[in-house]
Amino acid sequence: MADTKREIERKYEAAAGDELPDLTRVGGVSGVLDKGLAELDATYYDTADQHLAASSITLRRRTGGDDAGWHLKLPVSDGVRDEIRAPLSDTVPETLAALVRSRVRDAELVPLVRLRSSRDIRHLVDADGNLLAEVSVDRVRAQRLSGGTGTAEWTETEVELADDGDPAFLDKVDKKLRKAGLRRSSAPSKLARALEETSEGTGPPTAAGPQQPPVTAGDHVLAYARAQRDAIVELDPAVRRDVFDSVHSMRVATRRLRSTFRSYDKVLDRGVTDPIADELKWLAGELGIDRDQEVLTERLMAALDELPPSLLSGPVRDRLDTWSQGRRGGSRQRLTDVLDGKRYLELLDALDTLIADPPLLKAAAKDPAKALAKAVRKDFGKVAGLVVQALDLPSGHDRDVAMHEARKKAKRTRYAAEAAAPALGKPAEALVKAMKSLQTLLGDHQDSVMAREALLELSAEAYAAAENAFTYGVLYGREEQRAAAAEAALPETWQTVEKEARV
């Protein structure tokens with residue numbers, strides 16, 4: 001079983017003979033406790049071409065210290081990583097191998113570097129003896145195990161914030177250490193430094209640095225597509241760990257990619273992108289099996305919370321909970337199986353190939369100010385047609401359908417404008433904002449449509465069970481009012497959108 005720890009730390013370069021300054025002078029520190037010397041022995045694993053190192057991810061097997069075992073570190077932000085741990089074993093635990101699968105695919109994880117460290121540990125504590133941070137001086141010996149035979153030695157100081165500590169405390173320690181002559185390490189991790197100093201002239205792998213500024217229409221479309229591919233890959237471990245909003249975020253990335261392929265069909269050949277778009281649609285469907293049901297249930301539960309007790313009749317909450325559970329079609333294991341499956345990994349490979357060797361058409365070489373704006377205007381025209389159609393229809397099923405279609409097209413137009421924004425500037429940014437506003441209004445209307453359908457189903461089940469169905473009728477009436485309010489607001493909202501949408 002793996003567990004996760006948020007690690008917030010800073011590393012400093014130091015000479016072997018350097019002494020730490022008096023850290024009791026740091027604000028909030030009442031004592032510095034000497035915790036002795038620990039001998040640590042860690043072997044870092046990666047693919048032969050070092051996919052993990054290129055993404056600033058480390059996977060190691062370490063003995064010694066109080067946290068011996070397997071550690072996978074995923075970057076969160078500068079100086080912040082999530083460390084996922086698993087017990088010691090002879091081979092890479094499957095729980096951790098799965099979390100890097102989107103990076104390594106079918107490649108084998110092999111020993112890359114061995115680091116042996118003598119760690120001199122001190123605890124900074126407050127007046128009550130609570131741990132504020134751990135400061136360690138590490139004397140490191142690195143040995144390359146594959147991709148070279150080099151060795152290296154260095155000394156570094158590491159300051160790790162205590163669990164649930166205030167990150168601002170590290171600034172206080174930083175000021176004291178810098179005053180004593182220490183400087184922040186140029187390497188983000190011990191592994192990065194080891195790779196650099198044992199590379200024997202070949203140089204360590206690096207994360208794909210900043211891309212060249214986009215120039216052509218094709219450059220801009222590919223930059224946006226690349227960002228969505230990267231989002232899918234980077235969100236994979238979070239989805240597996242059931243991190244809040246990760247499933248929704250990955251689903252959005254798949255939608256953005258599909259929309260990009262459709263909106264910019266004069267830039268990228270749909271003969272190549274359509275099959276990939278179909279697979280993205282499949283993945284979005286797998287990600288959303290229970291998501292829509294959860295959103296609908298949350299809406300109905302929130303509506304129940306708004307009702308006074310006098311309007312609650314019968315076991316409404318129990319009925320709603322049973323109904324919701326009965327409509328769940330997925331599970332965590334099902335989604336994990338999808339992410340481990342051949343179809344998903346082949347989709348990631350296809351996206352890599354598309355980014356590396358894009359199927360560019362003639363318009364890809366054109367001035368983005370013209371080519372991208374033309375595509376955005378085309379999408380906006382489709383939205384306009386559907387909104388006008390909805391406004392001309394009487395309230396009812398046909399208007400509901402037209403508003404729902406307008407919502408989907410508004411979303412596509414928004415994504416197209418996002419891709420074009422670096423080239424078109426403020427006009428595209430204004431359109432993104434306008435489409436978000438329209439999308440919110442139309443989305444609330446569609447949510448009301450779905451809620452009313454659900455309430456009809458729930459009331460029928462309650463009636464069949466000889467339960468009082470009064471409350472479902474009350475909720476239905478309120479949803480009708482919400483839908484009517486959205487329809488009444490649409491003309492004015494659309495007028496505002498038309499004024500702001502000048503691409």
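Values reported hereafter were calculated over all heavy atoms of this structure, with side chains retained and with hydrogens, waters and symmetry mates removed. The residues of the chain are indexed from 1 along the displayed sequence.
Judged by distance alone, the side chain of Arg81 and the main-chain N or O of Thr58 form no donor-acceptor pair under 3.5 Å. With hydrogens and angles ignored, the 3.5 Å screen pairs no side-chain donor or acceptor of Tyr45 with any backbone N or O of Thr91. The backbone N or O of Thr471 sits nowhere less than 3.5 Å from a side-chain atom of Ser313 that would complete a donor-acceptor pair. A donor-acceptor pair under 3.5 Å links the side-chain atoms of Ser459 to the main chain of Leu456, judged by distance alone. With Asn468 contributing its side chain and Gly314 its backbone, the two residues share no donor-acceptor pair below 3.5 Å. Judged purely by atom type and a 3.5 angstrom limit, Arg229 has no side-chain atom pairing as donor or acceptor with the backbone of Ala225. Formation of a donor-acceptor pair under 3.5 Å by the Ser189 side chain with backbone atoms of Ala192 is found in this model. Using modelled atom types, one side-chain atom of Asp269 and one backbone atom of Gly271 make a donor-acceptor pair closer than 3.5 Å. At distances below 3.5 Å, not a single donor-acceptor pair connects side-chain atoms of Thr322 with backbone N or O atoms of Arg319. No side-chain donor-acceptor contact under 3.5 Å links Ser324 to the backbone of Leu320.
Between Arg482 and Glu306, at least one side-chain N (NZ, or NE/NH1/NH2) sits under 4.0 Å from a carboxylate O, which counts as a salt bridge. With salt bridges taken as basic N to acidic carboxylate O contacts below 4.0 Å, one links Arg299 and Asp444. Between Glu9 and Lys11 there is a salt bridge, since a side-chain N of the basic residue sits under 4.0 Å from a carboxylate O of the acidic one. One finds no salt bridge joining Lys433 and Glu500 here, because no Lys/Arg side-chain nitrogen approaches an Asp/Glu carboxylate oxygen to under 4.0 Å. A salt bridge links Arg414 with Glu418; the closest basic N to acidic carboxylate O contact falls under 4.0 Å. Ion pair Arg343/Glu346 not flagged as a salt bridge, since none of the NZ, NE, NH1 or NH2 atoms sits closer than 4.0 Å to an Asp/Glu carboxylate oxygen. A salt bridge between Arg101 and Glu94 is present, with a side-chain N of the basic residue lying under 4.0 Å from a carboxylate O of the acidic one.
Side-chain contact between Val383 and Leu438: present, with at least one pair of heavy atoms (C-beta onward) separated by less than 4.5 Å. Two residues are said to be in side-chain contact when any heavy atoms from C-beta on lie closer than 4.5 Å; Thr216 and Leu360 fail this criterion. Counting only heavy atoms from C-beta outward, the side chains of Leu372 and Val221 approach each other to under 4.5 Å. Two residues are said to be in side-chain contact when any heavy atoms from C-beta on lie closer than 4.5 Å; Met450 and Asp292 fail this criterion. Between Val252 and Tyr415, some side-chain heavy-atom pair lies under the 4.5 Å cut-off. No side-chain heavy atom of Leu475 sits less than 4.5 Å from a side-chain heavy atom of Glu479. Taking the side chain as every heavy atom from C-beta outward, Arg255 and Arg412 never approach each other to under 4.5 Å. Under the 4.5 Å side-chain criterion, counting only non-hydrogen atoms from C-beta, Leu351 is in contact with Leu257.
Among all heavy-atom pairs drawn from Arg103 and Ile57, the shortest one is NE-CD1, 3.6 Å. Between Ser246 and Ala238, the shortest heavy-atom distance links the atoms OG-O, 3.3 Å. Heavy atoms only, all atoms of each residue included: Asp340 and Ala98 are closest at OD1-CB, 4.4 Å. Considering all non-hydrogen atoms of both residues, Arg407 and Gly443 come closest at NE-CA, 3.4 Å. The minimum heavy-atom distance linking Pro93 with Ala86 is given by the pair CG-CB, 3.9 Å. Considering every non-hydrogen atom in both His220 and Pro214, the closest pair reads CE1-CG, 3.5 Å.
Checking each of Asp236, Asp82, Leu72, Leu59 against Leu99 for a side-chain contact (heavy atoms from CB on, under 4.5 Å) leaves exactly one that passes, namely Leu72. With Pro359 as reference, Val272 is the one residue of Thr353, Val272, Val267 to meet the side-chain contact (heavy atoms from CB on, under 4.5 Å) rule.
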Would you be so kind as to tabulate the donor-acceptor pairs closer than 3.5 Å made by side chains of residues 162-173, with sequence neighbours excluded?
from: Asp163; atom 1: OD1; to: Lys5; atom 2: NZ; distance (Å): 3.4
from: Asp166; atom 1: OD1; to: Ala168; atom 2: N; distance (Å): 3.1
from: Asp171; atom 1: OD1; to: Arg10; atom 2: NH1; distance (Å): 3.1
from: Asp171; atom 1: OD1; to: Arg10; atom 2: NH2; distance (Å): 2.6

The test is side-chain contact (heavy atoms from CB on, under 4.5 Å); show your working for Leu191 and Arg60 and say whether it passes. CA-CA 10 Å; Leu191 175 62; Arg60 73 187 180 200; over 6 Å; no
Quick one: do Thr260 and Gln228 satisfy side chain to side chain donor-acceptor pair (under 3.5 Å)? Show the steps, please. CA-CA 10 Å; Thr260 299; Gln228 307 318 313; over 6 Å; no
Please step through side-chain contact (heavy atoms from CB on, under 4.5 Å) for the pair Ile232 and Tyr344, ending with a clear verdict. CA-CA 11 Å; Ile232 292 172; Tyr344 169 70; 4.2 Å; yes
Yes or no on side-chain contact (heavy atoms from CB on, under 4.5 Å) for Glu487 and Met403, after CA distance, side-chain angles and deciding distance? CA-CA 9 Å; Glu487 292 178 28; Met403 291 180 70; 3.8 Å; yes
Can you list the steps and then say if Val497 with Phe380 is a side-chain contact (heavy atoms from CB on, under 4.5 Å)? CA-CA 10 Å; Val497 167; Phe380 181 76; 3.9 Å; yes
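A distance of 7.5 Å separates CZ of Arg399 from NE2 of His445, quoted to the nearest 0.5 Å. Atom CG in Leu335 sits 5.0 Å away from atom CG in Leu339 (nearest 0.5 Å). One distance of note links CE of Met301 with CG of Leu304; it measures 6.5 Å at 0.5 Å rounding. The distance from the CG atom of Asp265 to the NZ atom of Lys378 is 5.0 Å, given to the nearest 0.5 Å. Separation of atoms CD (Glu298) and CD (Gln293) is listed at 10.5 Å; rounding is to 0.5 Å. Note that the CZ atom of Arg85 and the CZ atom of Arg62 stand 8.0 Å from one another [nearest 0.5 Å].
The environment of CG in Asp305 is crowded: more than 12 heavy-atom neighbours from other residues, nucleotides or ligands sit within 6.0 Å. Sparse packing is recorded around CD of Glu108, with 12 or fewer heavy atoms of other residues, nucleotides or ligands lying under 6.0 Å away. Within a 6.0 Å radius of CG in Asp106, other residues, nucleotides and ligands contribute 12 heavy atoms or fewer. Heavy-atom neighbours of Lys266 NZ from other residues, nucleotides or ligands within 6.0 Å: at or below the threshold of 12.
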